[in-house]
Amino acid sequence: MTVFYDFNPGSRFLLGTACYPSPELLSKAIAASQTDIITVSLRREGAGGGVFRQLLEEVNKKFLPNTAGCFTVKEAVTTAHMAQEVFNTNWIKLEVIGHADTLQPDPFALVEAARILCREGFSVFPYTTDDLIVGEKLLEVGCQVLMPWGAPIGSGQGLRNKEALKSMRAYFPKTPLIIDAGLGAPSQAMEAMEMGFDGVLLNTAIAKAKDPIKMAQAFGEAIVAGRKAYHAGLMEKRDMAEASTPAYGLAELI
């Protein structure tokens with residue numbers, strides 16, 4: 001099992017906690033997903049108050065606070081410090097947004113914020129693009145995990161740039177890579193795992209489903225199936241058909 005910093009999760013599914021219709025549905029979705037890691041925004045904590053915090057503590061999962069909504073290095077670093085105090089963890093999902101419409105990460109601010117937080121002892125999970133150079137820079141400043149997007153946050157578009165993601169997997173063979181954002185269907189999560197990624201983080205596709213509990217279970221099962229398929233070895237695509245039934249032994253008509 002892949003280790004994320006100091007933690008060896010039993011599941012490769014990381015689940016967000018925003019936008020659920022009710023705390024009860026959130027709790028049941030977490031259980032159905034069988035995740036070991038849940039992400040939570042400091043802003044969500046402030047909005048939900050003690051009830052939300054109590055719910056998170058009751059599910060007994062590893063917290064991965066995030067800096068959602070931050071657009072500058074200073075905002076992200078300050079939010080990370082606040083999250084460290086509130087959630088009592090050095091883990092942080094680092095988001096530094098550069099474009100308000102696409103919510104694409106700002107690669108320059110992301111690397112600088114990661115540099116500061118890694119130096120201060122944080123275990124940084126950077127939400128990044130599929131750019132290889134940005135990935136290299138993040139590893140150079142101390143990140144041990146990369147979280148490339150599949151597509152813009154909440155879009156449900158799936159793996160929009162598959163060739164770039166395959167290149168990233170090949171270029172960083174020993175680095176844990178987690179697809180973060182843009183997935184809308186369990187089949188998309190399965191495809192990411194079949195490509196060799198180490199985990200999937202998502203929120204919207206489950207939180208806004210007609211039945212979040214069933215959808216959480218479906219994504220969890222898809223992630224497990226995709227990882228098994230990756231280890232089993234997927235067949236190569238062919239340009240031509242290849243009969244699965246041998247030609248010898250067939251009846252000869254005279």
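Hydrogens, waters and symmetry mates are skipped; everything else that's a heavy atom, side chains included, is used.
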Identify the heavy atoms of Pro107 and Val134 that sit nearest to each other, and give their distance.
CB-CG2, 3.7 Å
Show the nearest heavy-atom pair for residues Pro9 and Asp36, with the distance to one decimal.
C-OD2, 3.6 Å
So which atom in Gly182 and which in Ser155 form the shortest heavy-atom distance, rounded to 0.1 Å?
CA-OG, 3.9 Å
Mind checking the OG-CZ spacing from Ser11 to Arg227? Nearest 0.5 Å is all I need.
12.0 Å
When you measure from the side chain of Asn203 to the backbone N and O of Thr17, does any donor-acceptor pair fall under 3.5 Å?
yes
Would you call Thr175 and Val145 a side-chain contact if the rule is heavy atoms closer than 4.5 Å?
no
Applying the 4.5 Å side-chain criterion to the ILVMFWY set and letting contacts propagate, would Met195 and Leu132 be lumped into a single cluster?
yes
So, the side chain of Thr79 versus the backbone of Glu75: is there a donor-acceptor pair under 3.5 Å, distance only?
yes
Salt bridge flag under 4.0 Å for residues Arg115 and Glu140:
no
Is any side-chain heavy atom of Asp180 closer than 4.5 Å to a side-chain heavy atom of Lys93?
yes
If hydrophobic clusters are built by linking Ile, Leu, Val, Met, Phe, Trp and Tyr wherever their side-chain heavy atoms come under 4.5 Å apart, do Trp149 and Phe172 end up in the same one?
no
Can you tell me how far the CG atom of Leu146 sits from the CG atom of Asp131, to the nearest 0.5 Å?
11.0 Å
Set out, in order, the CA-CA distance, both residues' side-chain angles and the distance that settles side-chain contact (heavy atoms from CB on, under 4.5 Å) for Leu177 and Arg169, then state yes or no.
CA-CA 7 Å; Leu177 300 181; Arg169 177 68 285 176; 3.6 Å; yes
Within the supplied structure, the quantity of interest is the number of heavy atoms (other residues, nucleotides, ligands) at a distance under 6.0 Å from Lys62 NZ; does it exceed 12?
yes
Measuring from atom CD1 of Ile92 to atom CG of Leu64, what distance do you get when rounded to the nearest 0.5 angstrom?
7.0 Å
Any side-chain heavy atom of Val141 within less than 4.5 Å of one from Val111?
yes
Taking atom OH of Tyr171 as the centre, report whether more than 12 heavy atoms of other residues, nucleotides or ligands fall under 6.0 Å from it.
no
Verify, without hydrogens or angle tests, whether Glu221 (side chain) and Ala218 (backbone) share a donor-acceptor contact under 3.5 angstrom.
no
Output side-chain donor-acceptor pairs under 3.5 Å for residues 116-128, partner residues at least two apart or in another chain, one line each.
from, atom 1, to, atom 2, distance (Å)
Glu120, OE1, His81, NE2, 2.6
Tyr127, OH, Leu103, O, 3.3

Would you check if Ile30 and Lys61 make a side-chain contact, meaning some heavy-atom pair closer than 4.5 Å?
yes
Report the C-alpha distance between Val96 and Thr72 in whole Å, list the side-chain angles of each, state the deciding distance to 0.1 Å, and finish with yes or no for side-chain contact (heavy atoms from CB on, under 4.5 Å).
CA-CA 6 Å; Val96 189; Thr72 67; 5.8 Å; no
I'd like to check Leu165 versus Arg160 (side-chain heavy atoms, cut-off strictly below 4.5 Å). Are they in contact?
no
Under the 3.5 angstrom rule, does the side chain of Asp198 hit a backbone N or O of Ile178 as a donor-acceptor pair?
no
On a heavy-atom basis, which atom in Tyr5 and which in Gly142 lie closest, and how many Å separate them?
OH-O, 4.4 Å
Counting only heavy atoms not in Gln157 (residues, nucleotides, ligands), do more than 12 fall under 6.0 Å from its CD?
yes
Sidechain N-carboxylate O distance under 4.0 Å for Arg238, Glu236:
no
Which is it for Asn66 and Trp91 under the side chain to side chain donor-acceptor pair (under 3.5 Å) test, yes or no, and what are the steps along the way?
CA-CA 9 Å; Asn66 66 50; Trp91 275 28; over 6 Å; no
Give, for atom OG1 of Thr39 and atom CG of Leu201, the distance between the pair rounded to the nearest 0.5 Å.
5.0 Å
Please determine whether residues Leu14 and Tyr230 belong to a single hydrophobic cluster, defined as Ile, Leu, Val, Met, Phe, Trp and Tyr linked transitively by side-chain heavy-atom distances below 4.5 Å.
no
Side chains of Met190 and Ile223: does their closest heavy-atom pair fall under 4.5 Å?
no
If you apply the rule side-chain contact (heavy atoms from CB on, under 4.5 Å), what do you find for Gln217 with Ile213, and how did you get there?
CA-CA 6 Å; Gln217 184 178 13; Ile213 300 169; 5.9 Å; no
Counting only heavy atoms from other residues, nucleotides and ligands, does the tally under 6.0 Å from CG of Leu234 exceed 12?
yes
From Ile38 atom CD1 to Leu15 atom CG, the distance as rounded to the nearest 0.5 Å:
8.0 Å
Do Pro105 and Thr129 make a side-chain contact, defined as non-hydrogen atoms from C-beta onward lying under 4.5 Å apart?
yes
Honestly curious: do Ile153 and Ile179 fall in one hydrophobic cluster under the side-chain, below-4.5 Å linking rule?
no
What are the two closest non-hydrogen atoms of Phe13 and Ala216, and how far apart are they?
CE2-O, 3.7 Å
Do any N or O atoms from the side chain of Thr67 and from the backbone of Glu95 form a donor-acceptor pair under 3.5 angstrom?
yes
For the atom pair CE (Met168) and CZ (Phe197), what is the distance rounded to the nearest 0.5 Å?
7.0 Å
Should Phe108 and Glu112 be marked as a side-chain contact (heavy atoms from CB on, under 4.5 Å) after you check the CA-CA gap, both sets of side-chain angles, and the distance that decides it?
CA-CA 6 Å; Phe108 308 102; Glu112 181 57 27; over 6 Å; no
Check: Pro65 and Thr89 side chains under 4.5 Å, non-hydrogen atoms:
yes
Looking at Gly184, is its backbone amide N or carbonyl O close enough to the side chain of Gln188 to form a donor-acceptor pair, meaning the two atoms are under 3.5 Å apart?
yes
Locate the shortest heavy-atom distance separating Leu159 from Lys162; write the atom from each residue and the value.
O-CG, 3.4 Å
Test of understanding: clusters of I, L, V, M, F, W, Y form through side-chain heavy atoms closer than 4.5 Å, transitively. Do Val224 and Met193 belong to the same one?
no
